[in-house]
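The structure follows.
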Amino acid sequence: MPTQKVTKTSDGVKIDFTSNVNADTLKTMVFNCQNGKCDCMSDETKSKIEGMSIDESEGQLTLNIQSEELETKDIKEALGKSTIINKS
């Protein structure tokens with residue numbers, strides 16, 4: 001199972017993936033979320049997201065989610081339900 005650290009930032013929430021997630025898996029998750037194909041978040045949570053970006057440096061993957069309203073608990077709950085991330 002992947003390990004991640006979810007942190008509140010000034011412009012949203014970031015997720016630092018520390019193990020067992022590759023860039024392609026993360027890109028698939030983001031693509032599905034942006035196109036309404038994910039089932040890990042409620043419509044209410046999805047509506048709070050303003051944008052997403054992936055940073056990859058020195059083997060570390062970070063997903064930045066831009067949102068003024070999103071809380072870390074929303075993201076932690078979604079990560080727990082994500083079939084794409086949890087099958088990695």
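Below, all heavy atoms of this structure are taken into account, side chains as well, without hydrogens, waters or symmetry copies.
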Just so I know, are the side chains of T72 and T7 near enough to count as touching, which here means a heavy-atom distance under 4.5 Å? no
Quick check: does any side chain N or O of T28 sit under 3.5 Å from a backbone N or O of D24, one acting as donor and the other as acceptor?
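Yes; at least one donor-acceptor contact below 3.5 Å.
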dist M52:CE -> K27:NZ (nearest 0.5 Å) comes out at 14.5 Å
Interatomic distance, CG@L79 vs CE@M29, rounded to 0.5 Å, equals 6.0 Å
Check the pair C38, K46 against side-chain contact (heavy atoms from CB on, under 4.5 Å), reporting the backbone distance first and the verdict last.
CA-CA 10 Å; C38 78; K46 288 179 196 175; 3.5 Å; yes
- Which of these passes side chain to side chain contact (heavy atoms under 4.5 Å, CB included) with F17: T25, L63, T62, N22?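 The side chain to side chain contact (heavy atoms under 4.5 Å, CB included) with F17 is passed solely by L63 among T25, L63, T62, N22.
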The reported gap from NZ in K8 to CD1 in I65 (rounded to nearest 0.5 angstrom) is 10.5 Å
Between OG1 on residue T9 and CD1 on residue I15, distance to nearest 0.5 Å: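 If we round to the nearest 0.5 Å, T9:OG1 and I15:CD1 are 10.5 Å apart.
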Should E77 and K81 count as an ion pair when the cut-off is N to O under 4.0 Å? yes
CG on L70 to CE on M41, rounded to 0.5 Å
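The CE atom of M41 sits 6.5 Å away from the CG atom of L70.
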| query | Can you tell me how far the CD1 atom of I75 sits from the CD1 atom of I49, to the nearest 0.5 Å? | reply |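 The CD1 atom of I75 sits 5.5 Å away from the CD1 atom of I49.
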- Task: Determine, stepwise, if the pair E58 / Q60 fulfils side-chain contact (heavy atoms from CB on, under 4.5 Å).
- Result: CA-CA 6 Å; E58 299 178 20; Q60 175 79 29; 5.6 Å; no
